[in-house]
Amino acid sequence: MSALLELTGLRKAYPGVVANDNVSFQVGRGEVHALLGENGAGKSTLVKMVYGLVRPDSGKMTLGGADYAPGSPHEARQSGIAMVFQHFSLFEALSVAENVALGMENPPPMRALATRIAEVSETYGLPLDPSRLVGELSAGERQRVEIIRCLLQDPKLLIMDEPTSVLTPGEVSVLFETLRKLQAEGTSILYISHKLEEIRALCDGATILRLGKVVGSCDPRQKSASELAEMMVGTELTPPAVRDHELGDVALALKDVSVASSAAFGTSLRDVSLTVRKGEVLGIGGVAGNGQDELLAVMSGEVVLAKDRVLLHGNPIGELGPNARRALGILAAPEERLGHAAAPDMSLVENAALSAWVRMGMVNHGFIDWRKARGHAERVIEKFDVRTPGAGNAARSLSGGNLQKFVIGREILQQPEVLVVNQPTWGVDASAAAFIRQALLDLAAEGAAVVVISQDLDELMEISTRFSALNEGRLSAPREAAGLTIDEIGLMLGGAEVVS
Amino acid sequence: MRLEKRPTPSKVWSWATPVLAVLATMVAGGLLFGALGTDPVLAIRTIFWEPLFGEFAFYYRGQLLVKAGPLILIAIGLSLGFRAGIWNIGAEGQYIMGAICGAAVGLAFYPLEIRWLIFPLIVISGALGGFLWAMIPGILRTRFNTNEILVSLLLVYVAEQILAWMALGPLRNPEGAGFPGSRNLAQYSATSNQELIAGWGLHWGVVAALIAVIFAYILLSRHILGLNIRLAGEAPRAARFAGVNPERLVLLCLGISGALAGLAGLFEVTGPSAQIGIDFNVGYGFTAIIVAFLGRLHPIGVLMAGLLMALTYIGGEAAQASLGLPAAAIQAFQGMLLFFLLAFDVLTNFRVKFGALGAA
């Protein structure tokens with residue numbers, strides 16, 4: 001295989017951080033090449049340079065033997081490079097065909113385009129109706145829209161940034177078949193992921209990045225997942241230790257909760273019932289957009305319900321708001337860090353007061369004791385190893401992973417009786433993620449009831465006592481997490497009831 | 001040249017931008033006055049220097065507090081709402097309604113001389129009038145999701161009609177020989193809001209404004225309600241997570257700003273303006289919006305901005321009188337101030353970078 005894309009000595013520095021340093025590797029024609037690394041290893045910056053979104057400070061790229069220095073994504077697309085982003089850029093109120101047309105340089109007339117979309121989706125096994133509204137599509141279907149938009153441009157190189165993070169196991173295998181077909185036709189694929197098994201199943205070559213530098217390259221089919229993980233992380237990872245302990249009585253229960261979503265294209269909860277016992281970690285899996293935010297809101301009290309829909313130790317509390325529930329010991333950490341769990345422009349001290357003033361006694365006759373708030377913020381920073389110059393810094397100045405540690409730590413250090421977290425380790429590096437998972441397990445071992453909503457199935461399997469899946473606002477009956485197979489989980493995520 | 005977002009808002013710039021805006025306004029205003037054929041330096045000097053240290057400063061200095069009082073009182077209320085993302089644009093209407101309600105209650109007692117009872121009563125009535133007028137946009141927003149900007153603004157014009165009706169009808173002075181306008185409330189000793197120290201312009205409205213500044217400062221920096229107000233404005237979802245009830249906050253912020261505007265109207269109608277007349281309102285409610293932003297929605301800032309704005313009013317009048325500058329030029333000058341402030345505001349959150357354009 002001759003090289004299609006060759007990178008030599010690429011470097012990109014941002015104020016205070018070198019995102020990429022002397023990065024060199026090649027992607028062959030018809031190769032599926034993996035770019036492997038933790039969050040913050042510099043994968044995204046690297047592909048943004050290839051796609052013309054970011055200009056390298058130094059270094060050289062060649063495409064098909066010729067010098068290649070794209071000034072914009074427009075130039076990159078004209079050179080035959082297409083990219084599917086992790087976060088979709090689609091208009092929910094427009095149809096599939098209209099969305100595809102918006103991303104094209106010279107869109108054909110709508111009817112011809114619809115025919116083309118139907119052809120391409122047929123050829124590559126990506127069923128999609130061009131006339132449907134994107135707002136009605138699942139995450140997997142939305143990704144197909146993005147892929148088809150790329151394929152219509154006949155790319156020589158397709159870049160995929162964490163494509164499986166929003167897919168069910170079933171959808172993942174459909175995607176892989178598509179990618180193999182493309183590969184067979186000679187299209188090269190640059191595949192970014194931190195999921196090792198996927199890379200071993202799909203890719204011909206891999207380049208491993210750590211802290212902005214290439215630390216190795218290999219044929220992933222020849223390596224075990226743990227070998228790859230060690231190359232990626234640099235140290236050996238210890239999986240969190242699940243402590244054996246007795247489960248107590250039911251702490252929190254939801255009874256047939258149905259809530260219409262207030263947001264357009266949000267997901268309504270339908271007849272959701274759950275119980276979580278003291279000392280238990282209830283894992284709730286599901287693909288993004290199946291009602292996760294709504295489920296957290298009914299437990300945190302941001303959405304109030306009829307009294308008897310929510311029970312704490314058997315007492316009805318459905319009508320209580322967030323602070324009344326905090327006083328009773330129910331705490332929550334929402335998924336969206338900036339703007340929901342924390343106020344971006346406020347300091348960490350103010351953000352500590354935001355959700356902790358009730359339980360930590362920071363407010364006396366309405367007046368805030370800022371010393372106590374600062375104390376809580378500093379304890380969180382210390383115990384959860386939040387990297388920041390000080391508690392007076394604004395939340396938005398923290399990296400995503402550090403803010404996530406702060407948000408989780410802020411709740412855990414209040415010693416909750418019930419803790420509900422959504423995506424607790426999203427965007428956090430592997431060692432910090434392991435730390436957060438361990439903290440959640442320790443909390444359960446001390447007798448708290450923990451509900452973990454996550455899209456990371458490996459995470460849920462690692463820490464859950466029982467597992468449920470959320471699909472289109474319905475929650476499956478829970479199963480003991482130990483002994484669940486990946487096929488069973490796939491069925492649960494797809495909405496089928498699995499009988500044990 | 002390009003702008004780069006700062007990781008944290010700059011503390012220095014958030015205080016430097018108002019000063020910079022004032023300087024830029026002086027320059028641009030000087031150019032404007034120059035184009036109108038007036039010596040720019042003299043015009044700026046007349047507006048900013050003469051009222052404080054000039055020949056007739058003994059008169060103008062008193063006027064400074066008289067003008068600044070209502071501006072600060074109204075702007076403090078508005079700034080609380082603006083912080084929370086609740087846009088009361090109709091303080092002018094609440095100001096009028098506060099004046100009417102207070103004056104009506106006071107005149108109902110005429111000619112009884114029980115000041116210890118009547119004066120507190122009209123103060124409460126004035127605040128209540130503004131409060132109730134502000135509750136209209138508040139309840140319409142929380143019940144029917146209407147836009148409080150439009151409703152509160154349009155209610156200003158309704159209030160002006162009511163004012164004219166009151167001046168010509170129910171509240172007209174029966175001994176006024178048919179002229180429009182109520183009895184003189186400043187000369188009726190039970191309602192009179194006179195200067196507390198002769199020549200200072202310090203009347204009860206100014207005292208109320210200073211108290212409001214102190215209360216707002218404590219509220220925003222120390223009280224949980226202040227934290228909730230700031231949260232609601234900066235991150236509405238985080239506010240909900242923190243247990244803030246958005247509807248209650250809308251009513252509270254509109255209520256406070258309405259009551260303070262009503263108070264301002266009451267102190268004006270019983271003091272400097274002295275009667276309910278057709279042209280009682282002179283735009284304090286709208287100018288207070290500029291004052292609130294010029295003061296960075298911060299109580300101390302509002303205090304200083306109110307004094308500065310009052311100075312441009314008084315200096316503007318002096319410039320009209322002594323230099324013959326048109327009133328419209330003075331208004332344009334005041335408008336420039338807000339314009340420059342908002343423009344320079346970018347520097348608080350962004351830093352200017354010079355050099356080659358990098359695709360970053």
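Chain letters run A, B, ... following the sequence lines, proteins first, then strands; residues in each count from 1.
Annotation: maximal heavy-atom pairing with chain B below 4.5 Å, among A:A395, A:A356, A:G366, occurs at A:G366. With chain B as the partner, the residue from A:A297, A:A332, A:G301, A:S300 showing the most heavy-atom pairs under 4.5 Å is A:A332. Chain B forms more heavy-atom pairs under 4.5 Å with one residue of A:G339, A:A353, A:A342, A:G321 than with any other, namely A:G339. Per-residue heavy-atom pair counts under 4.5 Å with chain A were compared for B:P236, B:G243, B:A242, and the maximum is reached by B:A242.
A salt bridge is absent between A:D161 and A:K43: the closest approach of a Lys/Arg side-chain nitrogen to an acidic carboxylate oxygen does not fall below 4.0 angstrom. Salt bridge status for A:E302 with B:R240: absent, with no side-chain N to carboxylate O gap under 4.0 Å. In this structure, B:E234 does not pair ionically with B:R230, as no charged nitrogen and carboxylate oxygen lie closer than 4.0 Å.
For an aromatic pair to be called close, the ring centres must be under 6.0 Å apart, and B:H298 with B:W15 satisfies this.
The environment of B:Y217 atom OH is sparse: at most 12 non-hydrogen atoms of other residues, nucleotides or ligands sit within 6.0 angstrom.
Proximity to chain B (any heavy atom under 4.5 Å) is restricted, for A:R326, to the side chain, taken from C-beta onward.
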